[in-house]
2 protein chains.
Amino acid sequence: MSARRRPTIKEVAAAAGVSTQTVSRVINNRPDVAPETFERIQQIISETGYSPNMFARGLTQGRSHTLGVVAYGLEYFGPSRVLTGIEQQAAAVGYAISLNLIHEPEQADVEGLLASLVSRQVDGIIWAVPDVGDNRAWSNAAGSDHPVPVLLVGGMGGQSLLGSIGIDNRAIGRLATEHLLSGGARHVGLVTGPMDWWESRERQLGWRESLQERGLPASDRQIANGDWSATSGEAGLYQLVEQAPDLDAVFASNDQMALGVMHAAHRLGRRIPDELSVVGVDNIAEASHFWPALTTVDQPLRDAGGLAVRELDGAIRRARAARRGQDGAPAPRTLLQPKLVIRESSRPTP
Amino acid sequence: MSARRRPTIKEVAAAAGVSTQTVSRVINNRPDVAPETFERIQQIISETGYSPNMFARGLTQGRSHTLGVVAYGLEYFGPSRVLTGIEQQAAAVGYAISLNLIHEPEQADVEGLLASLVSRQVDGIIWAVPDVGDNRAWSNAAGSDHPVPVLLVGGMGGQSLLGSIGIDNRAIGRLATEHLLSGGARHVGLVTGPMDWWESRERQLGWRESLQERGLPASDRQIANGDWSATSGEAGLYQLVEQAPDLDAVFASNDQMALGVMHAAHRLGRRIPDELSVVGVDNIAEASHFWPALTTVDQPLRDAGGLAVRELDGAIRRARAARRGQDGAPAPRTLLQPKLVIRESSRPTP
DNA sequence: AGCGTTCCCGTTACCGCTAACGGCAACTCG
DNA sequence: CGAGTTGCCGTTAGCGGTAACGGGAACGCT
């Protein structure tokens with residue numbers, strides 16, 4: 001942990017007997033350097049272990065090759081997956097990641113956070129915080145002209161002026177519900193996530209639409225509110241069987257709650273899937289080893305993260321090229337499609 | 001997503017009719033500014049939304065207030081917890097986080113990664129990658145004098161010259177095994193993690209020590225090698241019951257594998273905990289909702305992350321103060337202690 | 001009155017790097 | 001053989017901020 005000082009371009013130039021500009025040309029791989037000189041300078045660079053100072057470079061070029069990423073809840077499956085996707089793609093495209101975690105999504109100091117990222121000179125910002133409550137009101141604000149491009153990931157609530165990448169959560173609800181119905185279920189219960197989450201509301205909508213299209217009831221008695229935890233899933237089933245005794249299937253809005261539901265079903269002596277079919281969401285690694293193996297809806301979360309980086313990179317380039325052209329194309333919105341994974345917790349289609 | 005240019009200190013100074021130096025004094029809260037002037041400048045700053053350019057500031061001061069964090073496997077419970085702890089503490093102490101994820105812990109280009117972080121001018125580096133194979137050989141190298149302080153988190157393999165924060169994994173093995181023994185078990189099987197992980201080897205050592213201290217056998221027939229996945233835990237139990245028919249307890253090196261073990265036990269018709277006691281490690285959120293609720297060993301991972309930031313901050317300050325003093329104190333090593341969480345998958349102490 | 005302080009503020013010189021430009025050879029070509 | 005390339009390299013001037021120093025005005029003190 002010694003404090004060996006890093007060499008500067010000036011020292012490299014002196015050692016090579018050239019000007020700093022020539023060294024600069026070498027490290028940026030620009031023309032107008034004699035092959036022989038090029039070799040010699042590169043030699044010295046690797047000997048001294050020189051690497052350019054990003055501060056100085058950023059100062060002249062006005063870019064940092066860094067993306068600000070604001071995320072929430074790494075302990076949850078979704079967010080950590082998205083972050084992994086972001087990091088991977090960012091590394092591939094040549095961006096560093098400046099990570100900021102939010103702990104209270106509802107009452108974050110959004111402007112302060114964005115300002116601090118901007119003052120760190122990030123080239124763009126990815127807002128990967130779930131759409132909870134009105135925590136995205138800022139993104140709809142008229143005066144939301146940020147000094148750098150901002151991209152939203154996950155959730156699509158509001159008429160945001162910003163670009164966004166999301167997953168079709170209503171389709172998740174429909175996929176799960178229609179699968180349950182096709183397996184013969186007629187009384188499909190729902191354990192929701194927290195209702196201030198956009199994802200929860202959309203999944204519920206999908207569930208409701210599917211039932212209504214078939215003329216089946218979708219009353220409040222078939223709904224239990226959860227909070228994503230297995231505990232709440234367990235409590236949810238106890239509540240459901242009381243409110244709707246003829247329940248024969250449950251769509252749990254995530255795999256943890258599905259686990260809780262199955263736990264409760266075991267305690268109640270209801271066999272899965274014969275007496276009760278269960279479908280979750282997320283396809284967490286453990287899902288295939290639940291008892292029984294859980295049928296679930298898989299979300300392309302990693303892809304969403306990767307796509308976010310590519311889109312943001314595009315926006316950065318465009319903003320940089322236009323510099324003061326028209327603000328151009330409306331913010332693009334992308335919605336990725338989920339996929340059903342059928343296992344043993346649901347009755348198969350006959 | 002407009003590209004409104006950010007104001008500079010020069011513009012603020014012009015607007016206030018003072019020199020840039022005076023503005024600089026205001027934003028750094030330094031003396032020698034008349035209260036009235038101070039007010040006026042601050043007014044203009046908030047009106048224009050000025051915030052200092054970190055590049056320029058970093059260039060003169062030689063620090064970025066950024067910590068480089070290298071992590072691996074956010075999809076695993078441990079690493080994501082540690083990262084959360086790091087981020088939280090970093091935010092509290094005033095550091096930003098530059099995140100780098102590794103995908104192949106065995107064959108990462110360590111020097112390249114460190115160099116890239118250093119060239120980004122991070123003030124210090126936290127290496128939060130599990131100790132797998134010989135991927136930490138670099139940290140023992142004699143010439144490991146990095147331009148910035150480096151701290152290792154998790155794992156304690158080798159005689160690293162660098163400071164480190166870890167969790168006592170041998171104690172994990174002992175806690176789990178002794179709990180099983182105190183519940184009456186006499187034939188304790190082990191499902192390990194991958195054996196090139198330091199954590200796995202230490203947990204196995206703890207298991208072995210506990211058995212040998214009581215004069216109980218700890219043969220290879222009681223061991224099945226897993227890979228952290230639930231699948232491997234399931235396969236592990238099948239293997240164990242074949243190799244050691246009188247098996248009455250299993251220590252699984254993480255909760256996922258414990259889940260697999262319980263899954264297999266159900267299939268084999270072995271009742272838990274009466275016929276087979278099971279203990280896991282990690283205390284993941286779902287553990288209390290497994291069937292039955294899983295007894296496990298809790299690791300203070302978030303604390304480890306937080307502590308890492310504080311220690312690194314100290315090292316940074318010291319390095320900065322000494323600047324060329326002796327390299328001083330030997331790298332401190334901290335070992336945090338795990339904690340047993342008793343639930344229903346293990347027979348209680350009579 | 002004369003001198004030293006204190007308060008407040010401006011000047012200058014960098015930090016490390018790159019864009020823009022200029023300039024000197026050698027080389028090409030009609 | 002003179003004029004226009006082309007190849008190669010250096011000089012200058014910043015990017016936006018801060019450290020170090022200096023200096024004028026007002027004040028206090030003997």
Within this structure, what is the CZ-to-C1' distance between A:Arg63 and C:dC17, rounded to whole angstrom? 16 Å

Separation between OG (B:Ser116) and CG (B:Asn100), nearest 0.5 Å, reads 5.5 Å

For a quick check of understanding: with a heavy-atom distance under 4.0 Å over all strands, which category does A:Val23 fall into, base, sugar-phosphate or nothing? nothing

Verify whether one side chain among B:Ser64 and B:Arg120 offers a donor that lies under 3.5 Å from an acceptor in the other. no

Flag, side chain of B:Asp313 to backbone of B:Val309, donor-acceptor distance under 3.5 Å: no

Rounded distance (Å) that lies between atom C1' of C:dG10 and atom NZ of B:Lys10: 15 Å

For B:Asp123 and B:His65, the nearest pair of non-hydrogen atoms, with its separation, is OD2-N, 2.7 Å

When rounded to the nearest 0.5 Å, the distance separating CG of B:Leu74 from CZ of A:Arg81 is 10.0 Å

Spacing of A:Arg6 atom CZ relative to C:dG16 atom P, expressed in whole Å: 10 Å

Whole Å only: how far is the CG atom of A:Leu59 from the P atom of C:dT18? 11 Å

How long is the gap from OG1 on B:Thr66 to CE on A:Met54, to the nearest 0.5 Å? 12.5 Å

Describe the nucleic acid contact of B:Tyr50 in one word from base, sugar-phosphate, nothing, applying a heavy-atom distance below 4.0 Å. sugar-phosphate

For C:dC9, does OP1 or OP2 lie under 4.0 Å from any side-chain N or O of B:Thr37? yes

Establish, with yes or no, whether the OP1 or OP2 oxygen of D:dC8 is under 4.0 angstrom from a side-chain nitrogen or oxygen of A:Thr22. no

With DNA chain C as reference, determine whether A:Gln21 or A:Ala56 sits nearer its 5' end, using the nearest nucleotide of each. A:Ala56

Between C:dG16 atom C1' and A:Phe55 atom CZ, what is the distance in whole Å? 11 Å

Short side-chain N/O contact to C:dC17 OP1/OP2 from A:Arg57, under 4.0 Å: no

Could you pull out the closest heavy-atom pair between B:Leu151 and B:Ser164, with the gap in Å? CD1-N, 3.7 Å

By nearest-nucleotide position on DNA chain C, the 5'-leaning member of B:Thr20 and A:Asn53 is B:Thr20

So, OP1 or OP2 of C:dT11: does either fall under 4.0 Å of a side-chain N or O from B:Ser19? no

Where along residues 24-36 of chain B does a heavy atom come under 4.0 Å from DNA chain D, residue by residue in number order? B:Ser24, B:Ile27, B:Asn28, B:Arg30

Does B:Thr8 have a side-chain nitrogen or oxygen under 4.0 Å from the phosphate oxygens OP1 or OP2 of D:dC15? no

